[in-house]
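What follows is a short report on a single structure.
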2 protein chains.
Amino acid sequence: MSAKISLTPKEGKYLTFMYRRQVEEDERATTTILAKSFKVNPATVTETLQRLAEKKLVAYTRYYGAKLTERGIVEAKKLLRKHRILEVLFVKLLRYDAEKACEEASKIDHYCSADLINAICRTYGHPDTCPCNKKIFSDSKCRRQA
Amino acid sequence: MSAKISLTPKEGKYLTFMYRRQVEEDERATTTILAKSFKVNPATVTETLQRLAEKKLVAYTRYYGAKLTERGIVEAKKLLRKHRILEVLFVKLLRYDAEKACEEASKIDHYCSADLINAICRTYGHPDTCPCNKKIFSDSKCRRQA
DNA sequence: GCAAAGTTTAGGGTTTACCAAACATTTTTA
DNA sequence: TAAAAATGTTTGGTAAACCCTAAACTTTGC
């Protein structure tokens, strides 16, 4: 049993941002890029990356940047799954457009339980892409019936 | 234009708890009761009530307790509306039972925008009670069509 | 009117998130 | 290749939201 990971909302945003850079775009996430996209001082980014490194979610190298570890990738995927399932819900049920769905999903994704997300996933027939066509990662606990 | 109110999640929980005591049950919410239901030290409750008083959301009297102000009631109703609309969603869409719906709603109600809640409300035909039969307060911005 | 119950104050503590300024490193370019 | 520019880190702060214990104070109920 590995130690339980507790993520703050902000840390979660870093992980998903890094996942998209690293895995989906094959680009490095530098301090400056993170600072710009979160609109914070670079010093703040360094601090957060160090905290994520302590939690073994990223491998951090001074002056170079940080890469998600295996655990970091797992956590990022969990969050992206939640985010994207919520997008599906908002588009299908409420007829939101993809952009608005993303905005609203961002506000709550971190706080939704995996259970809730799985229930939504089942209701919509286990979709495999979100409204903007990105992959929805699967969860082993989310199967037909459950 | 009145000053914008910014509520922390915890403060929101206090307001809705107090609303239920004060308006729905006509009982006073004492420090001890709040401390017990939130499982914190009474000193912590005092502190939070004082903060809510500064924000003019409650009228606080030392050694007596606190009562929601008009503004406090408005805020509590907004939150209860969000909570109850979410309960409707979870019961109708996901077939959750009332208790589970309440639990999941509690985790995210504070973070959901009024817009999102209104869209859900419209989708379910402006329900006026939640699964446990409590009133769903209306929002003037939530009308047929909108 | 006094003791018990309830409440507040005083004084701390932790965590998350920020920032500016000084300093260190890396990269670019003249 | 050396110096300038860009990038990143450290240091030392700040602030807010929560939370606690212990001591002091107020209210209540007998």
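Numbers restart at 1 for each chain; the letters A, B, ... are given by sequence-line order, proteins then strands.
In terms of position along DNA chain D, the nucleotide closest to A:T31 lies nearer the 5' end than the nucleotide closest to the other residue of the pair A:T31 and B:R51. Remark on DNA chain C: of its neighbouring residues A:K39 and A:S6, the 5'-side contact belongs to A:S6, judged by nearest-heavy-atom nucleotide.
For the pairing with B:E75, the salt bridge (charged side-chain N to carboxylate O under 4.0 Å, His left out) check across B:K78, B:K77, B:R71 returns one residue only, B:K78.
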Run the ring-ring contact (aromatic ring centres under 6.0 Å, His included) check on A:Y19 and A:Y14 step by step: do they pass? CA-CA 8 Å; A:Y19 184 89; A:Y14 274 62; over 10 Å; no
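Distance A:Y63 OH to D:dA6 C1': 13 Å, rounded to the nearest Å. Put simply, CZ on B:R28 is 12 Å from P on D:dT27, counting in whole angstrom units. Rounded to whole angstrom, the span from the CG atom of B:L49 across to the P atom of D:dA17 amounts to 15 Å. In this structure, CD of A:Q50 is placed 12 Å from C1' of D:dT11, rounded to the nearest angstrom. Atom pair B:L52:CG and D:dC18:C1' shows a separation of 13 Å (rounding to whole Å applied).
For A:T46, whose side chain is taken as the heavy atoms from C-beta onward, the closest listed nucleotide among D:dC18, D:dT9, D:dC25 is D:dT9. In this structure, the nucleotide among D:dT26, D:dT9, D:dC18 sitting nearest to the side chain of B:T8 is D:dC18.
For the pair A:R84 and A:E24, the tightest heavy-atom approach, listed with the atom from each and the gap, is NH2-OE2, 3.4 Å.
Between the side chain of B:T69 and the backbone N or O of B:K56 there is at least one donor-acceptor pair closer than 3.5 Å. A distance-only check finds a donor-acceptor pair linking the side chain of B:K55 to the backbone of B:S6 [under 3.5 Å].
When DNA chain C is scanned 5' to 3' for any atom under 4.0 Å from a heavy atom of chain A, the first and last hits are C:dT16 to C:dT26.
Side-chain heavy atoms closer than 4.5 Å link hydrophobic residues (I, L, V, M, F, W, Y) into clusters, and following such links, possibly through other members, connects A:L86 to A:V88.
Using a 4.0 Å heavy-atom criterion, one finds that B:E47 contacts the bases of the nucleic acid, with or without backbone contacts as well. As judged by a 4.0 angstrom heavy-atom cut-off over every strand, B:F38 is placed among residues making no nucleic acid contact. Residue B:T30 is in sugar-phosphate contact alone, with no base atom involved, counting any heavy-atom pair closer than 4.0 Å across all strands shown. Among the heavy atoms of the strands lying under 4.0 Å from B:T44 is at least one base atom, whether or not backbone atoms are also near.
Here A:I120 contributes atom CD1 and A:H126 contributes atom NE2; the two are 12.5 Å apart, rounded to the nearest 0.5 Å.
In this model, the phosphate group of D:dT10 is approached by a side-chain N or O of A:R62 to a distance below 4.0 Å at OP1 or OP2.
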